[in-house]
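The structure displayed is predicted, hence computed values, not measured ones.
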Amino acid sequence: MRHFIRILFIFLAVLPLAACDRPAEDPGPAVTYSVYRHSMDGAPTSTDPAQASHIYANFLAVNLYDTLYRYKYLARPYQLEPNLAEGLPQVSADGLIYTIRIKPGVHFIDDPAFPDGKGRVVRAEDFVYSIKRHFDPKTRAQGAWLWQGKIVGLDSWKENGSNYDQEIPGLKALDDRTLQIQLIKPFPQLTHTLAQGFSAIVSREAVDYYGPEFPIRPVGSGPYRLVSFNSASAVLVRNERFREEPFSLEAEGYDPVSHGHLALDRLEGRVPPFSDRIEIEFITEDAARWNAFLAGELDFVKVPVSQFDQVLQQREPPALKPAFAEKYNLLANLESGFVHTDFNMDDPRIGYHPDPRQNARNQALRCAIIKAFDWQKRNEVFYYGIGQVFAGIIPPAAPEFDQKQDQAAIIRDLAGARKLLGDNDWSADNLPVLEYGFSSSVTERQMFEQFRSFMGEMGYPPEKIRPLTFATYGDYARAFLNREVMLITTGWTMDYPDAENTVQLFYGPNSSPGSNSANYNNPEFNRLYRSSSGMQASDMRTAMYRHMNQLVIDDCATISGISRRLILLWSRKLAALPDRSFVGGYFFRFASVDAAEPESRGAGQ
Amino acid sequence: MSFRNRPWQRLRTDKAGLTGLVIVTAFFLLAAAVWAGFLGESWSEAGGGRWESAGAQHWFGTNVLGQDIFLRSVYSVRTAFEIGLVVSVLSTVIGAVLGAAAGWYSNTWVDGTIQWMKGVLDSIPFYLFVAAVAFALQGVYWAMHIAMIATFWTTTGRLVRAEVLKIKSQEFVLAARAIGLPGPLILIRHVLPNTAHILLIQSSMVFVAAIKAEVVLSFLGLGVQDGVSWGLMLAESTQEILAGHFNNFLSASLMLFILLLGFNLLADALQDAFDPRQAAL
Amino acid sequence: MRYALNKIFHGLLLVLGVTLISFILMVWFGPDQTYSLVGKNATAEQIAEVRHELGYDRSFALRYAGYLKQLFTLDLGSSHSSGEPVNSILARTIPVTLALMVPGFVLGNLLGIALGLLSVQQKGRWTDRLITGFSVSSMSISFLVIIILMQVILSTPYGLNLFPVRGWQVNDPGSYLKYVAVPTLSLIFITLGYNTRFYRAVFAEEAGRDHIRTARAYGASTATILWKHVLKNSLVPIITRFMFSIPLIVVSGSLLIESYFGIPGIGKVTFDAITSGDQPVLKAVVGLTAIAFVLIQVLTDFLYKLVDPRIG
């Protein structure tokens, strides 16, 4: 027995050594090192730009790889800024031909994928290759929809078997540093798509060399390279060969009034990336993330809604309690997207119906449900009352958002709702059973129960409102993309600051499995969308967008919507503006942690 | 007859066991009241404010939606009994039938097949199996119950098989065989009744296991889908407990604890009374 | 020899059964990853392409045969989510899980044995009653409740605030102790009730046997009896319990702890694979667990013989 215990102790002593993985190349945190400890509320599974479909994956893609464009760090509204490109694209008069020059002497990081392990120069051909990958089924890429049907020859390249040696007339490298893109029809949002993680530039050598492992073996030319990556964390270290471009407050859109407190001025002229090492913790559980932040284990956190009470002194505008203000900076970030609950218009029980009378009754029912929905309470309970409720489908983050939009669609009117039901012969007996879909999680279940209780107050029998639950989001998506869900609650994060990106959600031809999960199909709306989509931003285009917005509201196709406001906190030793809408993870290179200061601060509290 | 009565006498003097019985009965009455519609009807109404504290209006306070936590935890008693009863009764019946068949026809293909099924089900980690069943039967109300029944019968089956093997060679069975009674009849009339104490003890243990599993499954999002349960309340509480809202957590975990304690005490007492030597093995 | 062949044959049948059932449940009817892999504005063709790439469009027999082949060649393919080879995922996560679970598992059992012995030694006295009462109470608390309580008490400002709330930033023995403490204490508490009760029953039965009574009659001290005879003779059930717990603590046991504390072990990977529908990972975990179970059964038989040659 004693012998056994001794063996056991030896075993226990050895275990932790076996369990810690630190590759030899990782120098580890050292004294002269500045380490930024970031946290995310979701975890990416892939660093492959082709799979950068959500904000978490985008963070990694744009820091490990280069994109042609990015958004200015500080300027609002968001402005495009050349990244790997030398300048903004030269566009032909008809808006169809884009010519882009890329910066000279940019290298991929050293990696065994290259001959001799030396990273080679990034060429225009690499960009062409990277976009082609989205149209190769083997990549399982998720960004093809951005360019589908828009670039000459790209779609037929795929139909011909995605052969990389075949040239595409509309997507060419004229020489090592010059790119040319030819569009089928004008697509004014093209440059925006080149600032997304999806369009980040990979090398063919690395894709071929790592094969299926490529998503976890990034070889890029971005400001950082990857040291370790798993479902709990990712560690990035500075790419020593990243091009030297001194930080300029003016070029990034610095405004002393709104940015003065961020201590960014001392960074002027220094060369990013400012942090030597970035440790990203993926912590989906709100409470755990928050506690880790309070314990000083993280420099940045998205504050869970349940903690807003503890943290905020006032709501409008959000301000911190003194105890927090002393230690942390605050950003109340309106998300670049919105949450809405669509009616499946394809379902004759609630949507379009061939019989005009029933069609009108269904519409009255939808409108009554919208009237009975209490946005104020939804906002209060789930978003601490600081989310922004708006009518329709153009969220406040879009430049085309209308401050003067009629608010009737988001003001609760129980009496009106009941009257509408009564006028259209709806009664507790003949109301249809509503199936409300969600993927099983605490919050989504609570939202369902709240919805049921709102409807109950209008007189909708609670037993006629049923949950349709799915164990994973993927299964939920399968169900609503196959039009099997009656009430579909989803969120949409805008890809670029242009309302085209949200009105397309209700464009008829985009019906499921496209992103129009309401399967809304209004000929007038469709016509307006077709004629506005190729237009440059203008008052006229804005008016068309707003008209489309009103059509969706009048047809009562969706209960919409709310833009959540994120409360972001970060330690005062971190000089940064960690805004994550549109600009995504681009701020990482500018995030500067003062290595000397935190100790004194920690000791002095 | 006196031999048979002794366990009940022993049980009657077991204070812990009686406490268990009282607890279980009290909870059962509560569940019955909910079933009958006297209690907890309005568990899903969101009438109160956000996170109200306990008071005359809401005895255990309200949750984030303003739902009454007392009503929810009482309604959950019904959910718990529904799961516990369905799972324990069905898994005991299946375990009894298959275990008896395996024991009676030991060393034949019947036994072999049943043993193989048992081996297969025991070799898949429980939560993985349940998760898989929940997926395969997506949208089926009984998915979780089915998964639990499919895994919980095996222990009962093993115990019954062992007991039947023992009983099979006893004189009264041999005699029944000698006079030419058909096998299944002997099994049902004479053998199975002698395993009753095992079934009683096992079903109370399965009841406990089922309720405990429900909590974890509901936390993982694989459990109760329409309704409320202590598992769902605890899942909810994990999101608010660190913000200092303990009502959900306290009421769900306390009620859960008391009911489980009642069942465990009862099961212990039954075991001590009927089968003192085998207790807890 | 015949015995061994028979064992192996039965083992193979078990493996076939387990793989078939888990294949049907987790793969054939299992989660479908297609819709989380397609882009925002997918077309029906793109969905078909992804299904093809994932192999969802192949026949049942082909896919099942492919699965068996993967298991027997241990070439488990790559995760559909990240592309990382499943073998490397296992190699990365299993050590973490072992480091996480072994201390709690071992301590929980040792404590259980100690309490069990103490309880038997003091049978009927208040120590025994206290221990029994404790184990019944501990068995009546939900796994989840214990984890939540431990976290609140040990890692938050509402309690002692001694340890990190979650995570696994382990790079030296110090940080290991820091991160393993709360999960270990939770695990001990979760299993202690069951362990104590189990060992108490085993020891009580052993202590009631004739040869122990004889030894006692010859005046051997209680401690000697417990250590020399009872413990030694109880080795078979102890070994069985240990052995059969191994696949369970590696997968089931760690599922909740790892997903709650955000620890990148095999339990969390499996849980993530379930919720994201990453079939290659799921298939590997289930298949390998089943094989481990069968191997352990054979090994346990062998160990029995070593401990007690009379068992055959």
Side-chain angles (χ1 to χ4, degrees), chain A residues 1 5 8 11-13 15-22 28 43 45-46 48 51 53 137-138 140-146 148 210-216 230-233 281-285 287-289 291-292 294-295 297 471-478 481 495 504 510 513-515, chain C residues 31-44 46-47 49-50 52-54 78-85 88 92-93 95-96 98-100 102-103 106 155-157 161 164-173 176 180 227 231 260-264 268-269 272 274-277:
Chain A
M1 194 67 197
I5 291 175
L8 184 79
F11 183 52
L12 286 182
L15 263 177
L17 303 177
C20 75
D21 57 319
R22 195 200 288 169
T45 54
S46 162
D48 186 345
Q51 284 146 13
S53 60
K138 282 195 208 58
R140 269 188 233 139
Q142 294 164 299
W145 66 281
L146 285 173
Q148 212 151 33
Y210 288 110
E213 271 187 73
F214 179 70
I216 53 162
N230 59 42
S231 59
S233 68
E281 296 280 321
F282 309 126
I283 313 179
T284 48
E285 313 84 17
R289 193 173 62 250
N291 273 19
L294 284 188
E297 294 161 27
T472 69
Y473 183 78
D475 284 320
Y476 175 42
R478 170 171 62 178
L481 292 181
D495 299 281
Q504 61 88 21
N510 281 353
S515 55
Chain C
D32 185 337
Q33 212 178 11
T34 314
Y35 294 85
S36 30
L37 287 182
V38 292
K40 268 177 166 176
N41 239 327
T43 59
Q46 279 167 344
I47 289 172
E49 275 163 17
V50 173
H52 178 72
E53 282 300 315
L54 294 173
S78 304
S79 155
H80 280 165
S81 298
S82 67
E84 185 175 1
S88 107
R92 170 163 69 75
T93 55
V96 172
L98 286 179
L100 173 71
V102 165
V106 171
S155 320
T156 69
N161 212 358
V165 187
R166 64 170 311 275
W168 192 256
Q169 292 290 316
V170 171
N171 33 42
D172 53 60
Y176 172 61
V180 86
W227 277 101
L231 195 58
Y260 196 84
F261 290 109
I263 295 166
K268 177 138 173 38
V269 162
D272 291 346
I274 293 174
T275 53
S276 69

Run the salt bridge (charged side-chain N to carboxylate O under 4.0 Å, His left out) test against C/Glu53 and tell me which residues pass, sequence neighbours left out. none

List the residues meeting salt bridge (charged side-chain N to carboxylate O under 4.0 Å, His left out) with C/Glu84, not counting sequence neighbours, and say none if there are none.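 So C/Glu84 forms a salt bridge (charged side-chain N to carboxylate O under 4.0 Å, His left out) with C/Arg92.
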
If we define contacts as heavy-atom pairs under 4.5 Å, which of C/Gly277, C/Ser79, C/Pro85 has the most with chain A?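 Maximum pair count with chain A is reached by C/Pro85.
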
Contacting region of [X] [heavy-atom separation from chain A under 4.5 Å]:
| X | result |
| --- | --- |
| C/Ile274 | backbone |
| C/Ser78 | side chain |
| C/His80 | both |
| C/Phe261 | neither |
| C/Leu37 | both |
| C/Ser155 | backbone |
| C/Lys268 | side chain |

Separation between [atom1] of [X] and [atom2] of [Y], rounded to the nearest 0.5 Å:
| X | Y | atom1 | atom2 | answer |
| --- | --- | --- | --- | --- |
| C/Ser82 | A/Glu213 | OG | CD | 9.0 Å |
| C/Thr34 | A/Arg140 | OG1 | CZ | 10.0 Å |
| A/Gln504 | C/Lys40 | CD | NZ | 8.0 Å |
| C/Thr43 | A/Gln148 | OG1 | CD | 5.5 Å |

Which atom names give the shortest non-hydrogen contact between C/Ser36 and A/Gly474, and what distance separates them? OG-CA, 4.0 Å

Which heavy atom in C/Asn41 sits nearest to a heavy atom in A/Ser515, and how many Å separate them?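 It is OD1-N, 2.6 Å.
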
Relative to chain C, which of A/Pro513, A/Pro215, A/Ser233, A/Ser53 shows the most heavy atom pairs under 4.5 Å? A/Pro513

Flag the one option from A/Thr284, A/Asp475, A/Leu146 with the top tally of heavy-atom pairs under 4.5 Å to chain C. A/Asp475

Region of [X] in contact with chain C, defined by heavy-atom distances below 4.5 Å:
| X | value |
| --- | --- |
| A/Ala295 | neither |
| A/Phe282 | backbone |
| A/Ile283 | both |

Backbone N/O of C/Pro164 and side chain of A/Glu297: donor-acceptor pair under 3.5 Å: no

For C/Pro264, does its backbone N or O pair with a side-chain atom of A/Asn230 as donor and acceptor, under 3.5 Å?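 It does not hold such a pair.
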
